[in-house]
Amino acid sequence: MKTWWRGVALAGALLGAGQAGAVPAEPFGIEVRFLGAPLGAAQRSAVNEAARRVSALIASPFEPVRVDVPAGECDRGLPALRGRLTRLVVFVRVKRLDDDLYATGMPCDLHDGSFLPIYGVVDLNSSGLSELPRTDVLDTMIHEFLHVLGVGTLWERDARISVSGDQDDRVFVKRQGKTTLYVAPRAVAAFRALGGKGAGIPLDPDRGHWAGEVVCSEVLSGSSGDYTGRLNPVSPLTLGALEDLGYRVQARGAAPFRLPVGACPVDAGAADAPAGVAVPPGGFTSCAAARSAGVALPLLRGQPGYRPGLDGDGDGLACER
């Protein structure tokens with residue numbers, strides 16, 4: 001599992017957030033600020049690529065805000081943050097974490113009114129980081145940036161407190177017997193459109209990830225860390241959760257995804273293989289051939305038809321453009 005969210009400190013002195021007459025908001029973007037031990041060029045590139053991919057999921061702008069946050073306000077070791085922010089700032093640190101973690105991610109202060117994050121932090125585990133392939137770093141960072149946006153980390157009422165101290169009373173999760181369900185409408189509608197049943201989407205025990213046995217390799221699954229060497233899909237469930245938080249999203253940003261029938265497949269990519277499509281041995285010779293065969297693109301590493309020669313940047317997605 002990529003992260004167990006361990007709490008969010010939501011405080012800090014911020015000035016001028018959401019004032020009337022402010023300069024029009026700029027398009028949404030994530031500004032990465034690296035801290036701690038230096039990353040290699042390939043890993044740094046993967047972090048920046050993940051920021052770009054997650055930013056591209058959001059159609060709504062980032063609301064500019066002037067901040068004056070002292071050092072260590074959100075988490076020990078973070079520097080002061082001052083000035084006018086026009087993008088979501090995310091500090092990315094390399095530090096020692098528990099052995100079962102790749103990374104952790106959380107938002108910090110929230111905008112007044114929208115209760116959406118102003119800045120956040122992702123910690124990468126220094127232990128074993130140098131051995132992680134670029135694809136796994138990219139997949140991990142997409143997962144963590146989504147946590148910084150609030151997916152899985154702002155579902156509890158006591159986490160949604162804005163910089164002025166206002167609290168958001170929307171309900172995202174409910175207990176049903178021994179299970180916690182996600183019940184906000186957009187993600188639940190996506191779940192039902194995919195064939196899901198019941199009053200909501202089952203969550204992992206940490207209440208911040210989709211239940212692994214329900215969604216298997218989805219990027220915010222509690223079991224997503226078990227599916228390595230590929231990019232796990234950002235499904236309509238996670239886009240719906242972003243909408244429930246208040247973002248407008250790019251609906252075409254969702255990857256091909258199906259809820260599993262029965263147990264999760266050992267080969268995660270096999271779940272995405274289209275029925276009735278003849279896949280040539282060794283994969284498709286070209287993206288045009290895959291398209292003509294009726295395959296949903298992009299092809300994921302491990303999915304029948306995927307071939308490394310079609311994956312020019314080696315990120316686990318072939319024929320993505």
Q) Got a donor-acceptor contact below 3.5 angstrom from the S55 side chain to the I30 backbone? A) yes

**Q.** With Y182 via ring pair (Phe, Tyr, Trp, His ring centres under 6.0 Å) - residues at least two apart
**A.** W155, W210

Q | Q250 versus L239, closest heavy-atom pair with distance | A | O-CD1, 3.6 Å

(Q) Using 0.5 Å steps for rounding, measure from the OG1 atom of T153 to the CG atom of L245. (A) 7.5 Å

Q: Decide yes or no on side-chain contact (heavy atoms from CB on, under 4.5 Å) for V69 and R82, but give the supporting numbers first.
A: CA-CA 6 Å; V69 181; R82 296 186 174 93; over 6 Å; no

(Q) I'd like to know if the side chain of S221 reaches the main chain of C216, judged simply by a donor and an acceptor atom lying under 3.5 Å from each other, with no hydrogens or angles considered. (A) yes

Q: Could you check if a side-chain atom of L194 sits within less than 4.5 angstrom of a side-chain atom of R258, using non-hydrogen atoms only?
A: no

Q: Using modelled atom types only, decide if a donor and an acceptor are shared between the side chain of H143 and the backbone of V219 within a distance under 3.5 Å.
A: yes

Q.
Test side-chain contact (heavy atoms from CB on, under 4.5 Å) on H111 and F62; report intermediate values, then the result.
A. CA-CA 10 Å; H111 281 97; F62 179 86; 3.7 Å; yes

Q: Heavy atoms only: give me the nearest D112-E63 pair and the separation to one decimal.
A: O-OE1, 4.5 Å

Q: Using modelled atom types only, decide if a donor and an acceptor are shared between the side chain of E144 and the backbone of G105 within a distance under 3.5 Å.
A: yes

Q) So does R252 have more than 12 non-hydrogen atoms from other groups sitting under 6.0 Å from CZ? A) no

Q | Closest non-hydrogen atom pair between Q176 and L181, with its separation | A | OE1-CD1, 3.5 Å

Q) Within a strict 4.5 Å, meaning less than it, do heavy atoms of the L220 and E218 side chains meet? A) yes

Q: Examine distances only and state if a side-chain atom of E243 and a backbone atom of R186 form a donor-acceptor pair shorter than 3.5 Å.
A: no

Q | Backbone of G113 reached by a side-chain donor or acceptor of D166 within 3.5 Å | A | no

Q. Can you check side-chain contact (heavy atoms from CB on, under 4.5 Å) on D158 and Q167, steps first, answer last?
A. CA-CA 7 Å; D158 59 3; Q167 188 165 44; 4.3 Å; yes

Q) Between atom CD1 of I201 and atom CZ of F172, what is the distance when rounded to the nearest 0.5 Å? A) 12.0 Å

Q) Linking I/L/V/M/F/W/Y whenever any side-chain heavy atoms sit under 4.5 Å apart, do F34 and F91 land together? A) yes

(Q) So V173 and E156, do their side chains get closer than 4.5 Å, heavy atoms only? (A) yes

Q: Could you check if a side-chain atom of R96 sits within less than 4.5 angstrom of a side-chain atom of S127, using non-hydrogen atoms only?
A: yes

Q: For the residue pair F145 and V32, establish whether any side-chain heavy-atom pair is separated by less than 4.5 Å.
A: yes

Q.
Are T140 and V122 packed together at the side-chain level, in the sense that at least one heavy-atom pair is separated by less than 4.5 angstrom?
A. no

Q | Chi angles and distances behind the side-chain contact (heavy atoms from CB on, under 4.5 Å) call for R52, N48 | A | CA-CA 6 Å; R52 183 189 69 78; N48 287 323; over 6 Å; no

Q | Rounded distance (nearest 0.5 Å) linking atom CG of L310 with atom OG of S286 | A | 7.0 Å

Q. What's the shortest heavy-atom distance between R170 and D244, and which atoms?
A. NH1-O, 2.8 Å

Q. When rounded to the nearest 0.5 angstrom, what is the spacing between CG in L88 and CG in L116?
A. 9.5 Å

Q. Is a side-chain donor or acceptor of Q43 paired with a backbone partner of L129 at a separation under 3.5 angstrom?
A. yes

Q) Would a distance-only check, ignoring hydrogens and angles, find a side-chain to backbone donor-acceptor pair under 3.5 Å from D204 to H209? A) no

**Q.** Same apolar cluster: V183 and V215, side chain cutoff 4.5 Å
**A.** no

(Q) For the CD1 atom of I161 and the CG atom of L110, what is their distance to the nearest 0.5 Å? (A) 8.5 Å

Q) So which heavy atom on R93 is nearest to which on R76, and how close? A) NH1-O, 2.8 Å

Q: Evaluate the side-chain proximity of L124 to M141: yes if any heavy-atom separation is below 4.5 Å, no if none is.
A: yes

Q) Is there a donor-acceptor pair under 3.5 Å between the side chain of D169 and the backbone N or O of R157? A) no

Q: Check whether the side chains of S224 and N232 place a donor and an acceptor atom closer than 3.5 Å, and report yes or no.
A: no

Q) Is there a donor-acceptor contact under 3.5 Å from the side chain of S126 to the main chain of V94? A) no

Q) How close do V89 and L81 get, heavy atom to heavy atom, and via which atoms? A) CG1-CD1, 4.4 Å

(Q) Less than 4.5 Å apart, side chain to side chain, heavy atoms only: is that true for R33 and V90? (A) no

(Q) Rounded at 0.5 Å granularity, tell me how far CG in L57 sits from CG in L149. (A) 8.5 Å

